[in-house]
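Heads up, the thing below is written out as structure tokens.
Values in this document were obtained by computation on a predicted structure and should not be read as measured data.
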Amino acid sequence: MDRKTRIAVVGAGLGGMTVAGFLQRAGFAVTIYEQAPEFSRIGAGIILSANVMKVLRRLGIEQMVVETGIKADCYISRAWDTGETMYKIDFDAASEQRFGGPYANIHRGDLHAVLGKGVMPGSISFNHRLVALDETRDAIRLTFDNGVKVDADIVIGADGINSKVREHLLGTEPPRFVGAVAHRAIFPTKALRGFKIPDCTKWWGPDRHCLVYFLTSKRDEIYVIGVAPREKWDSNAMSLPSSREELMKDFANFHPDLLRVMEATTDVSVWPIYDRDRNDRWSGGRIVMLGDACHPMRPFMAAGGAMAIEDAAILSRCLAEFHEPNEVYRWYEATRVARVGDAQRISIENSWMRGPTDTDWFYCYDPCVVPLNRPA
């Protein structure tokens, strides 16, 4: 692709920031358009496995992620009632060598701050919410709610599950509520009053689960996400205030070790969980999508962010290597669709590391060097 190609990335999430960083390094003119007014430390935690850390390494920010978050020393699956260990993986030097990178936990807000160091200063335009795309013979025009209009040669939709780019490409289709909500809370470790917990634990119940992990290398901050069934979600809000009491009610019969952690929570919110039916059309014309814009998945495998970052690495390689948009997109989709489909399926099953698990196919993957798949 001609390095004079003007590329607009819609959405400054994990995938958008990653693809912009790689494309700028390859010599492309890239601007990221983000609807939020700024990055802020709100939201939740995120797990970054070795397949992701290898990508961040090539952006020069792996060490910053490790220093800002925590290089977790283990992951443990425990039974909801007996507390029995169902599966454990130690992230020691041997596993890091085997997988090619560490396993890290970090606050999403902190991760965004680090990703910001991986793109050129001034290349993020905040307060730009996309309202329309209009394709012409020579370009595609982006119109934002602040009145700004921009022409680009390529538009990358990295704008999440409610993607405006997707809507333009595939038509209007609301996300699907999956019948579950996620209670989220972040709190200081000192609230546990000396009670010790592992770096990362997932508690498995018959129809619900809870993940608990540290967010910083000092182990002074803890993230809890408890997923429980909910028949419907009547609000248009992406989240609502909840409470410790509501959280503990949904997990009332769980093991005392988990309840001890939940008792320390204070600021709890509840988030609906959405996905979409699988659709393997990720591109058209001058438009291509990545991450949740084209393949949203349930957050039960800690793979949503990983898939977006992997997409970004593969898409940037295809844009740098091939000449025409259609060719770029065919190679990109041929390389990504099957792997993402596996992650979507496992996320729906909610089976990842519940018991003995082959993790090599996921953790050992390196999207920066894996051979690209030739389109059929």
Open item on the list: One pair to check against side chain to side chain contact (heavy atoms under 4.5 Å, CB included): Asn350 and Lys202. What are the steps and the verdict?
Closed with: CA-CA 11 Å; Asn350 192 20; Lys202 186 168 181 178; 2.9 Å; yes
Open item on the list: If we ignore hydrogens and angles and just use 3.5 Å, is the side chain of Asn373 paired with the main-chain N or O of Ala334 as donor and acceptor?
Closed with: yes
- [ ] Measure up the Tyr103 and Tyr363 rings against each other and bin them: parallel (under 30°), tilted (30 to 60°), perpendicular (over 60°).
- [x] perpendicular
TODO: Check whether any side-chain N or O of Arg244 sits under 3.5 Å from a backbone N or O of Thr265 as a donor-acceptor pair, and report yes or no.
DONE: yes
TODO: Following the transitive rule for hydrophobic clusters with a side-chain heavy-atom cut-off under 4.5 Å over Ile, Leu, Val, Met, Phe, Trp and Tyr, establish whether Val337 and Ile156 coincide in one cluster.
DONE: yes
TODO: Give a yes or no on whether a salt bridge exists between Glu246 and Lys249, defined as a side-chain N under 4.0 angstrom from a carboxylate O.
DONE: no
TODO: List the steps, then state whether side chain to side chain contact (heavy atoms under 4.5 Å, CB included) holds for Asp153 with Ile7.
DONE: CA-CA 6 Å; Asp153 300 307; Ile7 301 177; over 6 Å; no
Task: Pair Arg219 + Asp199, salt bridge at N-O below 4.0 Å - done: yes
Open item on the list: Before you tell me yes or no, could you show the steps for Lys71 and Glu96 under side chain to side chain contact (heavy atoms under 4.5 Å, CB included), namely the whole-Å CA-CA distance, both residues' side-chain angles and the distance that decides it to 0.1 Å?
Closed with: CA-CA 10 Å; Lys71 186 189 289 190; Glu96 193 167 327; 3.6 Å; yes
- [ ] Using a strict cut-off of less than 4.0 Å between a Lys/Arg side-chain nitrogen and an Asp/Glu carboxylate oxygen, indicate whether Asp277 and Arg176 qualify as a salt bridge.
- [x] yes
TODO: Give a yes or no on whether the backbone of Ala293 and the side-chain of Arg166 come within a donor-acceptor separation of less than 3.5 Å.
DONE: yes
Open item on the list: If only side-chain N and O atoms count, and only distance matters, is there a donor-acceptor pair under 3.5 Å linking Glu34 with Ser125?
Closed with: no
Open item on the list: Assigning hydrophobic clusters by single linkage (Ile, Leu, Val, Met, Phe, Trp, Tyr; side-chain heavy-atom cutoff under 4.5 Å), is Met86 placed with Val212?
Closed with: no
Task: Interatomic spacing from CD in Glu173 to CG in Asn279 - rounded to 0.5 Å - done: 7.5 Å
Open item on the list: Would Arg336 pass as a cation-pi partner of Trp282, given that its NZ or CZ must be under 6.0 Å from the six-membered ring centre and within 45 degrees of the axis?
Closed with: no
TODO: Would you please test Glu310 and Asn51 for side-chain hydrogen bond (donor to acceptor under 3.5 Å, both in side chains) and show each step?
DONE: CA-CA 8 Å; Glu310 287 186 5; Asn51 46 317; 2.7 Å; yes
Task: Arg317 side chain to Pro367 backbone, donor-acceptor under 3.5 Å - done: yes
- [ ] Using distance alone, with no hydrogens and no angle criterion, decide if Ser77 and Tyr75 have a side-chain donor and acceptor under 3.5 Å apart.
- [x] yes
Task: Trp352 ring center near Phe362 ring center (under 6.0 Å) - done: yes
Open item on the list: Between Arg184 (side chain only) and Ile186 (backbone N and O only), is there a donor and an acceptor less than 3.5 Å apart?
Closed with: no
Task: Residue Glu231 excluded, over 12 heavy atoms near CD under 6.0 Å - done: no
TODO: Say whether, by atom type as modelled, one donor and one acceptor occur between the side chain of Trp233 and the main chain of Ala237 under 3.5 angstrom.
DONE: yes
- [ ] Would you please classify the geometry between the Tyr33 ring and the His128 ring as parallel, tilted or perpendicular, with 30° and 60° separating the classes?
- [x] tilted
Open item on the list: What I want to find out is whether Asp275 reaches Arg298 closely enough, with some N-O distance under 4.0 Å, to be called a salt bridge.
Closed with: yes
Open item on the list: Hydrophobic cluster membership, with links at side-chain heavy-atom distances under 4.5 Å among I/L/V/M/F/W/Y: are Val9 and Phe126 in one?
Closed with: yes
TODO: Starting from the C-alpha separation in whole Å, work towards a yes-or-no answer on side chain to side chain contact (heavy atoms under 4.5 Å, CB included) for Asp90 and Lys88.
DONE: CA-CA 7 Å; Asp90 291 309; Lys88 182 181 181 184; 3.1 Å; yes
Open item on the list: So, taking the atom named SG in Cys294 and the one named CD in Glu333, what distance separates them when rounded to the nearest 0.5 Å?
Closed with: 8.0 Å
- [ ] Dump the intermediate steps for ring-ring contact (aromatic ring centres under 6.0 Å, His included) on Trp203 and His209, then the final yes or no.
- [x] CA-CA 5 Å; Trp203 293 87; His209 65 267; over 10 Å; no
- [ ] Begin with the C-alpha distance, continue with both residues' side-chain angles, and end with the deciding distance and a verdict on side-chain hydrogen bond (donor to acceptor under 3.5 Å, both in side chains) for Asp250 and His183.
- [x] CA-CA 9 Å; Asp250 273 341; His183 301 277; 2.7 Å; yes
Open item on the list: For Met1, is there any backbone N or O sitting under 3.5 Å from a side-chain donor or acceptor partner on Thr5?
Closed with: no
Task: Minimal non-hydrogen separation, Leu59 against Gly21, with atom names - done: CD2-C, 3.9 Å
Open item on the list: Just checking Trp331 against Phe322, ring centres under 6.0 Å apart?
Closed with: yes
- [ ] May I ask you to decide if the ring planes of Trp80 and Phe254 are parallel, tilted or perpendicular, using 30° and 60° as cut-offs?
- [x] tilted
Open item on the list: For residues Leu14 and Ile47: do they belong to one hydrophobic cluster (side chain heavy atoms under 4.5 Å, members Ile, Leu, Val, Met, Phe, Trp, Tyr)?
Closed with: yes
- [ ] Start with the C-alpha distance between Thr189 and Glu221, add both sets of side-chain angles, then the distance that settles side-chain hydrogen bond (donor to acceptor under 3.5 Å, both in side chains), and finish with yes or no.
- [x] CA-CA 5 Å; Thr189 304; Glu221 194 171 45; over 6 Å; no
Task: Lys190 and Asp220 ion-paired at < 4.0 Å - done: no
- [ ] Look at atom CZ of Arg3 and say whether more than 12 heavy atoms of other residues, nucleotides or ligands are closer to it than 6.0 Å.
- [x] yes
- [ ] Calculate, to the nearest 0.5 Å, the distance between atoms CG and CG belonging to Asp81 and Asn253 respectively.
- [x] 9.5 Å
- [ ] Verify whether the ring centers belonging to His107 and Tyr223 lie closer than 6.0 Å.
- [x] no
TODO: Can you establish whether the number of heavy atoms outside Asp267 located under 6.0 Å from its atom CG is more than 12?
DONE: no
TODO: May I ask you to decide whether Lys196 forms a salt bridge with Asp257, counting only side-chain N to carboxylate O separations under 4.0 Å?
DONE: no
Open item on the list: Quick check for you: to the nearest 0.5 Å, what is the distance between Glu67 atom CD and Asp110 atom CG?
Closed with: 13.0 Å
Task: Arg339 NZ/CZ over Tyr365 ring centroid, <6.0 Å and within 45° of normal - done: yes
TODO: Give me the one residue out of Leu170, Val10, Val155 that meets side chain to side chain contact (heavy atoms under 4.5 Å, CB included) with Met289.
DONE: Leu170
TODO: Report the C-alpha separation of Ser269 and Trp271 in whole Å, then their side-chain angles, then the decisive distance to 0.1 Å, and conclude whether the side-chain hydrogen bond (donor to acceptor under 3.5 Å, both in side chains) test is met.
DONE: CA-CA 7 Å; Ser269 58; Trp271 300 64; 2.8 Å; yes
TODO: Verify, without hydrogens or angle tests, whether Asp311 (side chain) and Gly291 (backbone) share a donor-acceptor contact under 3.5 angstrom.
DONE: yes
Open item on the list: When you group the ILVMFWY residues by side-chain heavy-atom contacts below 4.5 Å and let the links chain together, are Tyr213 and Leu247 in the same group?
Closed with: no
Task: Check: Asp360 main-chain N/O paired with Asp358 side-chain donor or acceptor under 3.5 Å - done: yes
TODO: Give the intermediate values and the outcome of salt bridge (Lys or Arg N to Asp or Glu O under 4.0 Å) for residues Arg141 and Asp151.
DONE: CA-CA 4 Å; Arg141 175 157 292 181; Asp151 288 345; 2.8 Å; yes
TODO: Look up atom CD1 in Ile89 and atom CG in Asp92, then write down how far apart they are to the nearest 0.5 Å.
DONE: 9.0 Å
TODO: Calculate, to the nearest 0.5 Å, the distance between atoms CZ and OG1 belonging to Arg330 and Thr335 respectively.
DONE: 11.5 Å
- [ ] Look at the side chain of Thr68 and the backbone N and O of Met64, then say whether any donor-acceptor pair between them is shorter than 3.5 Å.
- [x] yes
